[in-house]
Participant: 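Provided herewith is a single structure, encoded as structure tokens, for subsequent inquiry.
Numbers restart at 1 for each chain; the letters A, B, ... are given by sequence-line order, proteins then strands. Scope of the values below: all heavy atoms of this structure, side chains included, with no hydrogens, waters or symmetry mates. Computed from a predicted structure; not experimentally measured.
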Amino acid sequence: MSRSPLLVVAAAALLTLAACSGKPQAAAKTDATPAANAPAEHVTRGDFGPPQGEPIHAVLTSPPHVPPPVNRNYPAKVIVELEVIEKEMPISEGVSYTFWTFGGTVPGSFIRVRQGDTVEFHLKNAPDSKMPHNIDLHGVTGPGGGAASSFTAPGHASQFTFKALNQGIYVYHCATAPVGMHIANGMYGLILVEPPEGLPKVDHEYYVMQGDFYTTGKYRQKGLQPFDMEKAIDENPTYVLFNGKEGALTGDNALTAKTNETVRLFVGNGGPNLVSSFHVIGEIFDKVQPEGGTVAQHNVQTTLIPAGGAATVEFHTDVPGSYVLVDHSIFRAFNKGALGILKVDGPEDKTIYSGKEVDYVYLGDRSEPNLQAVSTAAKAHAAGTLTKDEQIAAGKQLFTGTCSVCHQANGEGLPNVFPPLAKSDYLAADPKRAIEVVLHGLQGKIKVNGHEYDSIMPPMNQLTDDEVANILTYVLNSWGNPGGQISKEEAAKVRAAPAPTTASQGH
Amino acid sequence: MRAGLALVMFGLMLALPAAAADYAALPGGSFTSVLPADGKAAAAQVAPFRLRTEPVTNAEFLAFVKTHPEWRRDRVARILADQRYLSHWADAETLGSEALPRQPVTRVSWFAAQAYCESEGARLPSWYEWEYAAAADATRRDARSDPAWRENLLAWYSRPSNAPLPDVGGAPNAYGVRDITQPVWEWVDDFNALLVASDSRDQNDPDVLKFCGAGAVSLQEKENYAVLMRIAMLSALKAADTTNNMGFRCAKPE
């Protein structure tokens with residue numbers, strides 16, 4: 001078995017272009033050009049010679065299932081028989097749609113071969129189909145990816161053969177005009193070309209494919225809904241779905257795994273229009289092979305899956321629960337259907353995820369002010385460089401957290417309940433008295449700006465001397481008050497002095 | 001004796017279905033086809049012609065087969081019609097429950113359709129003639145700019161074709177022609193020349209409609225794609241092919 005390490009970096013890219021370029025020669029094999037910076041093992045093409053042994057009939061599976069590993073160490077001739085069926089199926093609860101399918105499902109049957117295999121492809125178009133169809137497999141090297149050789153009228157079958165030269169996970173789709181409509185009706189699926197040595201063993205493999213759908217009726221409008229070309233051209237889908245139906249991967253249809261297992265998802269995107277931001281809520285992908293390429297990414301949160309592209313994602317399950325598969329363009333998930341569930345059963349592991357431990361009240365800014373200016377002022381004071389402006393800035397933040405609840409952020413207080421600090425004649429008459437009021441509280445009748453107040457202010461002696469000085473300096477220099485400055489030392493002196501007769505309860 | 005004469009006359013009536021077929025006169029003229037005459041933008045010129053008002057029915061085709069036994073399904077040359085040819089009939093000369101008399105005949109090859117039309121002193125319409133006649137709705141001769149006209153075509157595409165075909169006799173269009181865009185596809189005389197005829201298209205690839213190229217280039221006018229899907233269908237066929245929903249009607253010169 002000879003393995004020729006031809007380095008064809010561009011081949012994979014050209015493959016996808018070939019079908020749509022209208023210039024078949026674009027798909028012609030490129031010359032073997034050594035890649036400057038790619039490791040050789042990542043770009044090895046796989047022509048391992050003629051097929052050996054008896055021809056094998058490929059096992060095809062419906063989503064979300066994946067055929068078993070190829071488990072073979074030689075290139076074989078693999079026969080794939082895929083039938084195109086046009087059929088009405090539910091797209092959502094009470095909503096049906098005429099899907100055009102590969103194998104009767106959306107996405108179409110999953111095909112699994114080994115790199116180097118010779119694939120004899122039979123595309124059958126059901127006799128009661130209305131439309132001719134064909135297939136373009138992105139895993140095929142050749143004009144149209146097979147489309148040119150597989151244009152098939154209803155009640156006919158086409159055969160063509162290709163060698164699976166490149167390993168990877170590839171989209172296939174119908175490419176009959178109008179291509180967009182054929183794809184929008186569900187004509188896409190995945191073909192996996194395993195590397196010669198196979199894929200590492202995992203506990204579960206699943207097949208998930210996103211698609212966008214365009215119906216004349218609104219989202220979840222009941223009845224048989226026809227295709228809407230206008231919406232399709234505007235790229236304004238009615239539905240964005242995993243596996244062709246809202247609910248295809250939820251409830252009883254959820255994917256399943258146990259804790260401490262490895263899960264591999266083959267995730268494709270049929271489009272026709274949207275690019276998927278594929279994400280599993282609560283999982284981190286340990287490994288992603290973006291676009292099915294051989295270079296893996298690790299520790300990925302969200303992976304982009306282009307329309308007409310696919311990725312292999314793998315992760316380990318640690319914590320039981322429901323993990324939600326979404327297109328993280330998130331309105332698609334919650335308003336257009338792009339949602340699936342992976343249900344993981346097994347024992348809890350509190351060391352990895354605790355569940356909810358405590359529920360407590362959080363008051364936000366008012367109780368937890370940003371105290372940056374306060375600490376700046378404290379540092380400045382310690383250094384002996386504290387300025388009046390620094391005091392005012394620090395005081396403003398402290399005032400917001402402690403004083404504004406009653407005296408209001410604008411210092412106006414509340415009529416007849418909390419006296420104003422703004423333009424306050426009571427304050428202006430004796431600024432130093434304010435230190436006493438803050439530290440010892442105040443109770444009994446007072447008159448401020450011509451109005452009598454008879455309420456209780458509790459002592460605020462939880463404030464440090466620094467804080468008291470800064471708050472009062474801020475108040476004195478705000479809202480038309482006379483200005484001035486209170487020092488930490490002054491506050492300390494008042495704190496040490498005996499409480500005045502006006503001190504409030506709780507002192 | 002009298003009974004015998006009646007039988008002969010009955011036989012004659014069966015043998016001459018053409019006498020019963022109605023043809024509508026269409027004036028023709030300059031017509032903007034989805035397939036420009038020069039491959040770019042030129043309008044097609046359609047000469048005045050007459051078109052069958054209804055597709056050929058099972059009963060009509062049965063009568064033809066009886067007078068032209070070489071077109072019986074058990075005698076037809078395989079190169080002129082594939083195995084599916086008239087396979088829904090009960091036998092070579094009996095319609096049966098799967099093929100009602102007034103349903104349009106389907107599972108007929110292009111060769112068979114052409115032979116039938118000849119027996120009626122007619123021919124298959126050209127693509128331009130068919131497209132010209134199908135552009136009409138109930139009141140207008142060219143209703144193609146009306147989204148409702150397009151929706152009507154598309155609605156038929158989007159219905160599965162597993163239900164029995166309705167009888168012919170739908171509502172007439174402005175020319176008095178019935179059932180032209182549904183319930184069957186229809187053969188046209190030049191079905192296999194549609195893609196290669198306009199060789200000056202930029203694609204210079206006769207296969208272009210088979211893949212993305214056509215979708216991207218020719219379908220830029222979204223009003224046209226519903227019609228182009230018929231061309232794709234016709235292009236998928238060979239002259240001996242038959243399908244469950246491909247029928248035909250005939251045309252004559254003025």
Participant: Taking the side chain as every heavy atom from C-beta outward, state whether B/Met229 and A/Met131 have any pair of such atoms under 4.5 Å apart.
Facilitator: yes
Participant: Where along residues 85-108 of chain B does a heavy atom come under 4.5 Å of chain A, listed by residue number?
Facilitator: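 The list, in residue order, is empty: none.
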Participant: Can B/Glu151 and A/Met229 be said to form a side-chain contact (heavy atoms from CB on, under 4.5 Å), step by step?
Facilitator: CA-CA 10 Å; B/Glu151 287 307 316; A/Met229 187 60 133; over 6 Å; no
Participant: Check B/Arg84 against A/Gly155 and note the closest heavy-atom contact, atom names and distance.
Facilitator: NH2-O, 2.7 Å
Participant: If I compare all heavy atoms of B/Ala236 with all of A/Pro132, which pair ends up nearest, and what's the gap?
Facilitator: CB-CB, 3.4 Å
Participant: Tabulate, in ascending numerical order, the residues of residues 240-250 of chain B having at least one heavy atom closer than 4.5 Å to a heavy atom of chain A, or enter 'none'.
Facilitator: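 So far as heavy atoms go, B/Asp241, B/Thr242, B/Thr243, B/Asn244, B/Asn245 are the residues that approach chain A to under 4.5 Å.
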Participant: Considering residues, nucleotides and ligands other than A/Lys222, do more than 12 of their heavy atoms fall under 6.0 Å from its NZ?
Facilitator: yes
Participant: Whether the side chain of B/Trp185 engages the backbone of A/Lys130 through a donor-acceptor N/O pair (distance < 3.5 Å, no angle test) should be reported.
Facilitator: yes
Participant: For the interface with chain B, which of A/Gly180, A/Ser150, A/Pro127, A/Ala153 has the highest count of heavy-atom pairs at distances below 4.5 Å?
Facilitator: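 It is A/Pro127.
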Participant: For atom NZ of A/Lys163, is the number of surrounding heavy atoms from other residues, nucleotides or ligands below 6.0 Å larger than 12?
Facilitator: yes
Participant: If I measure from the heavy atoms of chain B, does A/Ser129 come under 4.5 Å with its side chain, its backbone, both, or neither?
Facilitator: backbone
Participant: Considering residues at least two apart in sequence or located in another chain, which fulfil the side chain to side chain contact (heavy atoms under 4.5 Å, CB included) criterion with B/Ala138?
Facilitator: none
Participant: Identify the residues of residues 81-97 of chain A whose heavy atoms come closer than 4.5 Å to a heavy atom of chain B, ordered by number, or report 'none'.
Facilitator: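 At a heavy-atom separation under 4.5 Å, chain B is reached by A/Glu88.
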Participant: Which heavy atom of B/Tyr157 sits nearest to which heavy atom of A/Trp100, and what is that distance?
Facilitator: O-CZ2, 4.1 Å
